[in-house]
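To keep things clear, I will list the structure first and then write my remarks on it.
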Amino acid sequence: MMTSVWRPYCQMKTAPPPMKVVATEGCHLIGSDGERWIDGMASWWSACHGYNHPHVRQMVNEQLQRMPHVMFGGITHEPAERLATRLAELAPGDLNHVFFSDSGSVAVEVAMKMAIGHWRRRNRPGRTRFLAFHNAYHGDTTGAMSLCDPKRSMHARYSDAITEQFHVALPRDESTTLELDRVLSRHSDSIAGVFVEPLVQGAGGMRFHDVETLVRIREACRRHNVLLIADEIATGFHRTGKMFAVDHTSDFESPVVPDILCLGKALTAGTMSMAVTIARSHVFDSFYDDDPGAALMHGPTFMANPLACSAANASLDLFESTPYNVANIESILRKRLSVLTDVDCVAEVRCFGAVGVVQFRDPPNMQLVQDELVRRGVWLRPFGDCLYTTPPLCVDDDSLHQICDAMIEATHATVLQCT
Ligand SMILES: *Cc1c(COP(=O)(O)O)cnc(C)c1O
């Protein structure tokens, strides 16, 4: 049957029909015949507390009865005020100024506008471009697309239609650090800021880097006086074992505090679309003036939606009341998935926090891998040369083992079929 839906990241002519889901419960997706799949993706990193959590449901229900939505221009409400205060409290340093938007990509666009506006107000109007890293992914809107790795990303085919930015390798060693310095120095008139997904690069290849690399990026930004913008849309909210990935440096003599922080995905516990861009005081102060023309001109229609804010507040309540053992998730993933390093076409198995990745050298037919997973009651969506899991943080050990069993068996089954 022909569908009216134009699906995401999908060749409509050849892709098999999507899996139909009618309900969710805990860590499970439920099909129309009552079939259950463990969601090893947590709905694209977002369902951190699993689905249908009673506390989230109650808070959103109450808000739905009282006031589902109201415009945010000239109006404010308690759920937004409370959420902004709590996020400012949780974010490191003086990241205290919370701008609401409706999706991660828009939060990235807002960060770009903040950075450009900041330098314009500081008499550096030529600073309108950005540096990002190889394998970066920062979203699907045109500004965010320009930050994605222009060669390796899914947006490569648009590279002639979007602003050209600067892309270099992550500074993992001396030569790559020199290269980062060289580009920042040569283009100091045009570069406003450096975008990084701290410690875990997501949809651009599921790659990890260490805290030393993150510190090197911060140092380079300091040397060249450009803004450091941390895109923690995927890594935020305990995915890496800390509230934010930059918090892995919180015990350092000089912790990494980005000038701008973007959050999304798990912000509303996987229930509604919302994101935030949080600025440090010196960035906020650039716009703080008697001149109305100096204001940040942005305001999505549904920004700070009260339902989404109440879901986010409920999610923060849950993080306060039920700390998750992310180290345990990492250790199980590591222990179980490491057996796949023996498989010929597997290039690498890597695990960090609640992220487990199997990268193939010679990717088998990923559709077959996915079919095998689904047959085993596990929902994962491999992409490119990676099979990966980002389970809900509340996943129990048995379900986590079931995800690992399915990843191992599906890989073996598919590799056999391919050879
Ligand atoms: C998902 C993601 C985005 C885009 O967020 P959307 O809500 O899909 O627009 C941006 N950056 C990173 C690192 C992401 O993982």
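Remember, it's 1-based here, ligands and their atoms both numbered in the order they're listed. Given the structure is predicted, the values throughout are model-derived calculations rather than measurements.
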Which of the ligand 1 atoms, numbered from 1, are nearer than 4.0 Å to a heavy atom of Tyr137
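Near Tyr137, the atoms of ligand 1 are 2 (C), 3 (C), 11 (N), 12 (C), 13 (C), 14 (C).
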Which of the ligand 1 atoms, numbered from 1, are nearer than 4.0 Å to a heavy atom of Glu197
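So the atoms of ligand 1 that pass are 13 (C).
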What part of Trp45 sits under 4.0 Å from ligand 1 if we count only heavy atoms: the side chain, the backbone, both or neither?
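The answer is neither.
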Ligand 1 contact on His138 by region, counting heavy-atom pairs under 4.0 Å:
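His138 to ligand 1: backbone contact only, side chain stays beyond 4.0 Å.
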Would you please classify the geometry between the His238 ring and the Phe319 ring as parallel, tilted or perpendicular, with 30° and 60° separating the classes?
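Ring orientation, 0 to 90° scale: tilted.
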Closest protein heavy atom to [atom], given as residue, atom name and distance to 0.1 Å:
atom	answer
atom 7 (O) of ligand 1	Gly104 N, 2.8 Å
atom 14 (C) of ligand 1	Lys265 NZ, 2.9 Å
atom 8 (O) of ligand 1	Ser105 OG, 4.4 Å

Touching ligand 1 at all, Asp231? Heavy atoms, strictly under 4.0 Å?
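Yes, Asp231 has a heavy atom closer than 4.0 Å to ligand 1.
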Under a 3.5 Å cutoff, is there a donor and acceptor pairing between the side chains of Asp231 and Tyr137?
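Side-chain D/A pair, Asp231 to Tyr137: absent.
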Regarding Ser185 and His224, is there a side-chain donor-to-acceptor distance under 3.5 Å anywhere?
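Checked: Ser185/His224 side chains show no N/O donor-acceptor pair below 3.5 Å.
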Taking the six-membered ring for Trp and the full ring for Phe, Tyr or His, determine whether the centres of Phe302 and His69 are under 6.0 Å apart.
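Ring centroids of Phe302 and His69 are less than 6.0 Å from each other.
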Carboxylate-amine/guanidinium proximity below 4.0 Å for Glu179 and Arg182
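Yes, this pair counts.
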Quick check: are there more than 12 heavy atoms from other residues, nucleotides or ligands sitting under 6.0 Å from CE of Met297?
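It does not: Met297 CE has 12 such atoms or fewer within range.
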